[in-house]
> 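Could you have a look at this structure, given as structure tokens, before my questions?
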Protein chains: 2
Amino acid sequence: MARPRTAFFVSDRTGITAEMLGHSLLTQFDGVRFNEVTVPFVDTLEKAREVVAKINQQGAADGERPIVISTLARTEIAQAVGEADALFLDCFEIFISPLERELGVRASHAIGRSHSVADFVNYHHRIESVNYTLSHDDGVSNRDLPEADVILIGVSRCGKTPTCLYLSMQYGIRAANYPLIPEDFSSTRLPAQLRPLRGKLYGLTINPERLQQIRNERRPGSQYATLANCEFEVREAEALMRQEGIPFLDATSKSVEELATTILQQAKLVRRIY
Amino acid sequence: MARPRTAFFVSDRTGITAEMLGHSLLTQFDGVRFNEVTVPFVDTLEKAREVVAKINQQGAADGERPIVISTLARTEIAQAVGEADALFLDCFEIFISPLERELGVRASHAIGRSHSVADFVNYHHRIESVNYTLSHDDGVSNRDLPEADVILIGVSRCGKTPTCLYLSMQYGIRAANYPLIPEDFSSTRLPAQLRPLRGKLYGLTINPERLQQIRNERRPGSQYATLANCEFEVREAEALMRQEGIPFLDATSKSVEELATTILQQAKLVRRIY
């Protein structure tokens with residue numbers, strides 16, 4: 001197998017954007033192994049020179065020049081990092097010029113714009129929605145349930161909690177979740193407190209074998225984790241959601257991001273964070 | 001004020017990468033107002049044509065052609081979207097060619113690579129770390145505290161919970177948090193159960209005025225939310241952290257992403273999600 005190539009994701013802020021873009025670009029190259037290194041907060045020329053040294057050192061160790069994917073707002077910092085012996089792809093440099101021409105405005109090239117002005121508003125919405133989601137996780141409290149933007153329902157361990165957290169962290173959505181438990185299936189009706197909130201319900205389901213695996217890690221050897229029980233619960237939960245006309249998604253092979261984004265779109269939720 | 005321009009973030013997946021990159025590019029243009037529209041899951045030619053219609057319609061309404069920033073792996077879909085009357089900036093198209101030349105390998109141009117192979121491993125780590133973080137939020141349980149990768153300490157409402165959640169969701173870090181309460185200050189020592197875990201502690205602090213504001217939203221008019229009490233708690237908490245040699249960050253003007261990324265880097269935590 002070929003030696004791995006090193007990719008650096010360099011940013012003057014958190015590096016999350018460079019890392020997400022870079023990672024998805026690199027996964028397009030089958031058969032190449034990559035070491036991925038994120039270097040955040042490169043916001044001075046001194047730090048830029050340190051990164052250059054690190055990149056060059058890595059290139060010497062690898063025997064191949066590294067790949068650098070960056071988001072660097074300030075031109076002089078981008079230029080300094082660009083002096084490394086590497087393939088240098090800077091998202092700002094590449095995109096800012098066509099945007100300047102299109103808009104007829106010069107870019108500010110200032111660091112950290114995306115978090116400055118709207119920061120307090122976003123922070124407030126995020127804290128508020130995360131608090132809401134945490135206090136309405138797993139049916140813990142049903143107080144204020146009508147204030148939810150969306151209420152995820154589904155059997156225990158089908159992925160409701162991380163999806164709710166992603167909706168609240170990323171989009172500022174107040175996402176509650178309510179587990180469907182075996183007692184709910186006997187009546188073949190929605191739990192009483194959910195009935196008036198039908199318009200806010202969105203379901204998750206999961207492949208029973210996958211559910212068994214997840215539950216077994218949590219409570220090994222329990223009745224709760226048997227395949228027969230998982231099959232029963234999933235079948236009943238799906239039947240209930242179908243009967244009640246509640247839209248639902250299969251979480252088995254979807255990431256938390258995909259589930260959250262799909263629900264945002266399909267349930268036409270209004271995000272509070274940009 | 002000039003009319004707003006519309007920017008579309010178009011993706012064959014969740015659109016989160018295009019949206020983050022696009023948003024940070026647009027914030028570089030002071031004085032231009034933007035309507036930002038994310039269009040995820042554009043993974044067929046039919047959907048591409050629908051997006052083109054939507055973009056052209058918006059351009060006609062705005063009287064200015066929209067800006068399109070996209071991450072589209074499949075060439076034919078990117079080309080179809082590129083037919084819209086817009087400034088079209090596709091991250092894949094721009095970056096894939098130089099990467100192909102550098103690596104000597106053709107890109108697969110397949111959709112959704114970044115979530116396929118490593119998905120189950122990432123999912124497992126994420127669920128596990130989110131569960132850990134939720135069950136160790138706000139000192140709820142101190143069982144398994146030694147299994148934490150990091151334990152955030154600080155006064156109530158200084159931002160520990162969202163930072164822990166971001167660390168677990170984004171990086172798969174088991175992040176516990178432990179509130180410092182007035183009783184902890186009288187002894188001027190760390191709470192007993194934290195003492196053996198000193199190497200895992202990381203502090204957050206906050207400006208007392210900002211803390212007052214946050215607490216007042218939560219419990220209006222309470223003693224807990226008075227400025228005098230906030231000043232006292234912050235001063236004591238900082239003194240304790242300094243005395244014990246615990247590193248800490250000021251959360252007042254930092255986003256949750258910045259706090260999490262800084263702690264990841266400074267505490268040299270090993271992420272489990274890529």
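The model shown is predicted, which means the values in this text are computed figures rather than measured ones. In the text below, chain A, chain B and the rest are named by the order of the sequence lines, each starting its count at 1.
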> Looking at B/Ile94, B/Leu26, B/Val39, B/Leu99, which has the largest count of heavy-atom pairs under 4.5 Å with chain A?
B/Leu99
> How close do B/Met20 and A/Ile16 get, heavy atom to heavy atom, and via which atoms?
CE-CG2, 3.5 Å
> Which region of A/Phe34, side chain (C-beta onward) or backbone (N, CA, C, O), has a non-hydrogen atom less than 4.5 Å from a non-hydrogen atom of chain B, or is it both or neither?
side chain
> Can you say whether A/Val256 sits under 4.5 Å from chain B via the side chain, the backbone, both, or neither, judging by heavy atoms?
both
> If you tally heavy-atom pairs under 4.5 Å against chain A, which of B/Ile127, B/Thr161, B/Asn131 wins?
B/Asn131
> Counting C-beta onward and ignoring hydrogens, is there a side-chain heavy-atom pair between B/Phe29 and A/Ile96 closer than 4.5 Å?
yes
> Would you say B/Arg5 and A/Glu102 make side-chain contact, with heavy atoms under 4.5 Å?
yes
> Heavy atoms under 4.5 Å from chain A: which residues of residues 261-271 of chain B carry them?
B/Thr261, B/Thr262, B/Gln265, B/Arg271
> With a 4.5 angstrom heavy-atom cut-off, which part of B/Phe92 approaches chain A: side chain, backbone, both or neither?
both
> Any idea which heavy atoms bring B/Leu21 and A/Cys91 closest together, and the distance?
CD1-CB, 3.8 Å
> Sort A/Tyr171 into side chain, backbone, both or neither according to what part of it lies under 4.5 angstrom from a heavy atom of chain B.
side chain
> Are any non-hydrogen side-chain atoms of A/His124 and B/Glu217 less than 4.5 angstrom apart?
yes
> Sequence neighbours left out, what passes side chain to side chain contact (heavy atoms under 4.5 Å, CB included) with A/Arg106? Give chain and number order.
A/Glu100
> Against chain B, label A/Leu25 side chain, backbone, both or neither, depending on which of its atoms sit under 4.5 Å from a heavy atom there.
both
> Output the option from B/Met169, B/Arg218, B/Glu36 having the highest count of non-hydrogen pairs under 4.5 Å with chain A.
B/Met169
> Testing the basics here: between B/Leu134 and A/Asp137, what is the closest heavy-atom pair and its distance to 0.1 Å?
CD1-OD2, 4.1 Å
> Can you name the residues of residues 63-72 of chain A that have some heavy atom under 4.5 Å away from a heavy atom in chain B?
A/Arg65, A/Ile67, A/Thr71
> In chain order, what residues pass the side chain to side chain contact (heavy atoms under 4.5 Å, CB included) check against B/Thr44, with sequence neighbours excluded?
B/Glu46, B/Lys47
